[in-house]
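Chain naming here is simple, since letters A, B, ... match the order of the sequence lines and numbering starts at 1 in each. For the numbers below, each heavy atom of this structure counts, side chains included, while hydrogens, waters and symmetry mates do not. For clarity, every value in this text was computed on a predicted model and none was experimentally measured.
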Number of protein chains: 2
Amino acid sequence: MPKHSSKKELFAWTAEVGRCLGHAHRLELIECLAQGPRPVENLAAFTGQSIANASQHLQLLRRFGCVASERRGKQIIYRLADERVLHAIAALRAIAETNVAEFRDLVRKDFLSLDDKEAVSRVELSRLIKESAVIVVDVRSNEEFAAGHLPGALNIPIAELERRLSELPKRKEIVAYCRGPYCILSFEAASRLRAHGYRVRRMQDGFPEWKAEGRKVAEGTSAH
Amino acid sequence: MPKHSSKKELFAWTAEVGRCLGHAHRLELIECLAQGPRPVENLAAFTGQSIANASQHLQLLRRFGCVASERRGKQIIYRLADERVLHAIAALRAIAETNVAEFRDLVRKDFLSLDDKEAVSRVELSRLIKESAVIVVDVRSNEEFAAGHLPGALNIPIAELERRLSELPKRKEIVAYCRGPYCILSFEAASRLRAHGYRVRRMQDGFPEWKAEGRKVAEGTSAH
DNA sequence: GACTCATTCAAGAGAATACTTGAATGATGG
DNA sequence: CCATCATTCAAGTATTCTCTTGAATGAGTC
């Protein structure tokens with residue numbers, strides 16, 4: 001891909017990394033991988049792509065340093081190659097947030113309409129957890145929860161929310177979190193729990209950002 | 001461009017921003033704009049693109065919030081829309097630097113071979129300038145220099161370097177800077193000045209990064 | 001060593017992108 | 001208001017990208 005002067009070549013390689021982040025499917029794959037390492041089949045299912053297609057996207061991401069892979073038994077496990085991929089995406093999102101009208105409109109229409117309460121910062125949540133002042137609910141899938149979650153969090157996948165309301169005490173405030181910024185799950189959860197009379201806020205961003213800050217992370221299928 | 005669920009749509013818009021940064025020509029345009037606002041014709045000449053082509057790239061960048069434009073007389077002046085575009089590119093570059101072998105090889109072969117001395121940090125340079133301990137040389141074009149430069153810097157475009165050696169005292173250390181990280185100009189300058197017996201180091205990154213940190217900036221054609 | 005399974009490769013159709021050319025626009029200056 | 005200049009638009013071609021399909025690979029299992 002590179003050509004001409006060496007400076008242009010460096011731009012070309014940098015642009016390749018940019019191109020990796022220039023497709024919605026690939027951003028979605030990266031969001032999944034940010035929750036924890038996973039095999040191709042799983043990623044494909046999660047993002048609704050065909051396996052061959054997901055594989056191709058993953059190979060592009062690997063080629064340009066965004067993800068890495070290793071073989072485990074007969075599966076290939078992909079993982080994020082570099083924490084900074086999340087920083088780069090956060091920067092892109094920030095630009096879209098400020099400067100792309102359609103992005104803003106969508107946020108207002110589809111996210112803030114569900115829950116426009118200010119999100120809890122990770123610093124504050126850290127304190128609240130220490131004080132046992134809140135119930136932390138992880139609304140991601142069991143799988144993602146098992147790969148890593150906030151200490152003491154209760155895993156209630158969004159689909160099971162109404163069925164499992166009895167597990168949630170009405171007295172305590174609830175803090176819901178999910179996969180990352182503008183992951184719709186925590187907005188949904190906040191909206192539906194509030195409709196049932198709970199006091200509930202979302203955590204700022206999601207699990208990957210919590211982990212990236214070096215905060216305590218628990219693993220395994222159940223926090224109880 | 002967006003479709004399906006609102007979450008996927010947000011990814012799609014974010015990806016559009018990524019796509020903007022996914023082409024070497026556009027990264028080069030952004031690097032130019034980081035030096036200061038400029039009209040299309042100028043940008044096209046600087047980056048070696050046709051005017052129509054540069055215009056198209058600029059329009060894409062504008063559409064997705066990376067640059068902005070305003071009319072001044074009969075020209076359209078483009079400028080960086082958002083400082084964070086530079087952050088995003090820095091993140092992409094960092095990923096390439098660490099994870100793309102070709103990038104590393106190129107740096108070693110074409111940049112570090114010219115000057116592998118550690119660059120001066122902006123913090124340190126700030127101090128050195130205050131103490132008048134160094135001569136600061138800006139090796140960019142007159143135009144870029146005029147749009148903004150380090151306080152007290154001497155502008156010697158790289159093409160005029162040998163011709164103007166008499167302006168540089170041999171006693172003092174020289175610090176050269178240019179357009180940004182891996183802009184080849186300051187590596188070239190360091191190499192050539194050293195060949196002439198000067199003590200010389202490069203500044204870390206370039207003028208846009210200096211300015212982005214809110215440090216003092218001078219304007220006009222001459223620092224003297 | 002044949003079989004199974006997850007992943008990758010290869011080839012092809014369709015869509016999107018990049019760049020060129022030449023014409024259109026829109027503000028300015030006589 | 002006509003001419004000029006900078007930029008944008010429109011159309012066309014070549015290239016690249018995306019996704020699908022079906023076959024190939026390569027590690028484990030029987």
Side-chain angles (χ1 to χ4, degrees), chain A residues 1-4 8 11-30 32-33 37-64 66-79 143, chain B residues 1-4 8 11-30 32-33 37-64 66-79 143:
Chain A
M1 308 84 190
K3 33 189 158 172
H4 294 318
K8 280 187 203 289
F11 273 132
W13 289 113
T14 307
E16 293 289 358
V17 181
R19 195 164 62 85
C20 281
L21 307 184
H23 193 291
H25 284 185
R26 290 193 286 268
L27 292 183
E28 215 177 348
L29 287 169
I30 291 171
C32 283
L33 290 173
R38 289 146 166 278
V40 180
E41 187 181 24
N42 193 310
L43 290 162
F46 236 86
T47 60
Q49 305 173 49
S50 77
I51 291 180
N53 200 200
S55 174
Q56 285 187 164
H57 282 305
L58 288 165
Q59 283 171 70
L60 186 70
L61 288 167
R62 182 175 53 193
R63 170 71 182 85
F64 296 111
C66 296
V67 311
S69 66
E70 85 194 278
R71 185 172 276 273
R72 200 151 68 205
K74 57 170 81 172
Q75 320 193 91
I76 307 262
I77 310 291
Y78 279 88
R79 62 183 161 74
E143 230 177 331
Chain B
M1 307 84 190
K3 35 189 158 173
H4 294 319
K8 280 188 202 292
F11 273 131
W13 289 113
T14 306
E16 293 289 358
V17 181
R19 196 164 63 85
C20 281
L21 307 184
H23 193 290
H25 283 184
R26 289 193 285 267
L27 292 184
E28 214 176 349
L29 287 169
I30 291 171
C32 283
L33 290 173
R38 288 146 165 277
V40 180
E41 187 181 24
N42 194 311
L43 289 162
F46 235 86
T47 59
Q49 306 173 48
S50 76
I51 292 180
N53 199 199
S55 173
Q56 283 185 164
H57 282 306
L58 288 165
Q59 282 171 71
L60 186 70
L61 287 167
R62 182 176 53 196
R63 170 71 182 88
F64 296 112
C66 296
V67 310
S69 67
E70 86 194 276
R71 174 151 235 143
R72 202 149 68 205
K74 55 171 81 172
Q75 318 191 93
I76 307 261
I77 310 290
Y78 278 89
R79 62 182 162 73
E143 229 178 332

Quick one: [X] [atom1] to [N] [atom2], roughly how many Å, whole number?
| X | N | atom1 | atom2 | result |
| --- | --- | --- | --- | --- |
| A:Ile76 | C:dC9 | CD1 | C1' | 13 Å |
| A:Gln56 | C:dG12 | CD | C1' | 12 Å |
| A:Arg72 | C:dT7 | CZ | P | 12 Å |
| A:Arg19 | C:dA18 | CZ | C1' | 13 Å |
| B:His57 | D:dT7 | NE2 | P | 16 Å |
| B:Arg71 | C:dT28 | CZ | P | 7 Å |
| B:Asn42 | D:dA6 | CG | P | 12 Å |
| A:Glu16 | C:dT17 | CD | P | 16 Å |

field: Under 3.5 Å: donor-acceptor pair, side chain of B:Arg26, backbone of B:Arg19
entry: yes
Exam field: side chain B:Arg38 to backbone B:Leu43, donor-acceptor pair closer than 3.5 Å: no
Of the options [options], whose atoms approach the side-chain atoms of [X] most closely?
| X | options | value |
| --- | --- | --- |
| B:Gln59 | D:dA27, D:dT8, C:dC19 | D:dT8 |
| B:Arg26 | D:dT8, C:dT7, C:dA18 | C:dA18 |
| B:Ala52 | C:dT4, D:dA6, C:dG22 | C:dG22 |
| A:Asn53 | D:dT20, C:dT8, C:dA6 | D:dT20 |
| A:Glu41 | D:dT20, C:dT20, C:dA6 | C:dA6 |

message: Nearest 0.5 Å, please: how far is CG in A:Leu60 from CD in A:Glu16?
response: 7.5 Å
field: Euclidean distance, A:Leu58 CG relative to A:Ser69 OG, rounded to 0.5 Å
entry: 8.5 Å
- line: Result for 5'-nearest mapping on DNA chain D, choosing between A:Gly73 and A:Gln49, is A:Gln49
So, does [X] get its side chain near the phosphate of [N], meaning an N or O under 4.0 Å from OP1 or OP2?
| X | N | value |
| --- | --- | --- |
| A:Ser50 | D:dC19 | no |
| A:Tyr78 | C:dA6 | no |
| A:Ser55 | C:dT7 | no |

task: Hey, can you tell me if A:His23 and A:His57 have their rings parallel, tilted or perpendicular (30° and 60° cut-offs)?
output: tilted
query: If you pin A:Arg62 and A:Lys74 to their nearest nucleotides in DNA chain C, which one's is more 5'?
result: A:Lys74
